[in-house]
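Chain letters run A, B, ... following the sequence lines, proteins first and then strands; every chain starts at 1.
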Amino acid sequence: MNHWLMKTEPSVFSFEDLVKAPKSTTPWEGVRNYQARNLMRDSIKMGDLVLIYHSNAEPMAVMGVAEVVKEGHPDKSAMDPKSQYFDNDAAKKGTNPWVLVGVKAKSRFTVAVTRDALKKEKGLASMMVLKKGARLSVQPVTCEEFQIILRLGKPEPI
DNA sequence: GCCAACGTTGGC
DNA sequence: GCCAACGTTGGC
């Protein structure tokens, strides 16, 4: 099984929004970056676990864990003019390059694992999310990193 | 195919 | 709000 980290801006869609969604499940739409697209298309599999990270927020933190419940398939929002994620170029061409996965909230951290807390932890020093300028919104996380963050977050089941 | 200019992300 | 770092675009 593989582990991932997905960023979200809580003002747009927060971890609690995911928890409150029907069946605590949502299509992770709106990713418009090819590297992240490739991960969702090729590498992210059913049952993989995902850390949900709040970016551009107070606090910046990992808020909980989600599970992949649907593997890569077309992100239809790219072709929907009414969607905030509409991709005009893709729509004009008539081919949709964008892919999403379905995620379901699995556990909520009783202790939000803040960016500062991540930085303080020796075993997390090489995490992509901590690198300056790292913008990839879907990132791989090692099993060791995942376990450390789980220990810090003291998760409770949803 | 290079690379400068641009728009966006996201920490600070 | 600022701006560094990044990915993408488009002229050549």
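One interatomic measurement links the two molecules: CG of L5(A) to C1' of dT9(B), which rounds to 15 Å at whole-angstrom precision. Across the protein-nucleic acid pair, R32(A) atom CZ and dG7(C) atom P stand 18 Å apart, rounded to whole Å. Rounded to whole Å, atom P of dT8(C) lies 10 Å from atom CZ of R37(A). Between the NZ atom of K132(A) and the P atom of dA4(C) there is a distance of 8 Å, given to the nearest Å. One interatomic measurement links the two molecules: NZ of K131(A) to C1' of dT9(B), which rounds to 18 Å at whole-angstrom precision. Straight-line distance from the CG atom of N33(A) to the P atom of dT9(C): 11 Å, rounded to whole Å. Look at NZ on K92(A): it is 12 Å from P on dT9(C), rounded to the nearest Å. Taking atom CG on D89(A) and atom C1' on dG7(C), their separation rounds to 15 Å, with Å as the unit.
For the atom pair CD1 of I52(A) and CZ of F13(A), the computed distance is 8.5 Å after rounding to the nearest 0.5 Å. Between M46(A) atom CE and K70(A) atom NZ the span is 9.0 Å, to the nearest 0.5 Å.
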Would you tabulate the nitrogen or oxygen pairs shorter than 3.5 Å linking the protein to nucleotides 10-12 of chain B?
residue : atom : partner : partner atom : Å
dG10(B) : OP1  : K7(A)   : NZ           : 2.8
dG10(B) : OP1  : R135(A) : O            : 2.9
dG11(B) : OP1  : Y53(A)  : OH           : 3.4
dG11(B) : OP2  : N56(A)  : N            : 3.0
dC12(B) : OP1  : K119(A) : NZ           : 2.9
dC12(B) : OP2  : R115(A) : NE           : 3.4
dC12(B) : OP2  : K119(A) : NZ           : 3.3

For residues 86-93 of chain A, tabulate all N or O donor-acceptor pairs below 3.5 Å that involve a side-chain atom, not counting sequence neighbours.
residue : atom : partner : partner atom : Å
D87(A)  : OD1  : D89(A)  : N            : 3.1
D87(A)  : OD1  : A90(A)  : N            : 3.1
D87(A)  : OD2  : W98(A)  : NE1          : 2.7

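No salt bridge links K104(A) with E67(A); every basic N to acidic carboxylate O contact stays at or beyond 4.0 Å. We find that R108(A) and E16(A) are joined by a salt bridge, their nearest charged nitrogen and carboxylate oxygen being less than 4.0 Å apart.
Remark: the R32(A) side chain and the S77(A) side chain contain an N/O donor-acceptor pair separated by less than 3.5 Å.
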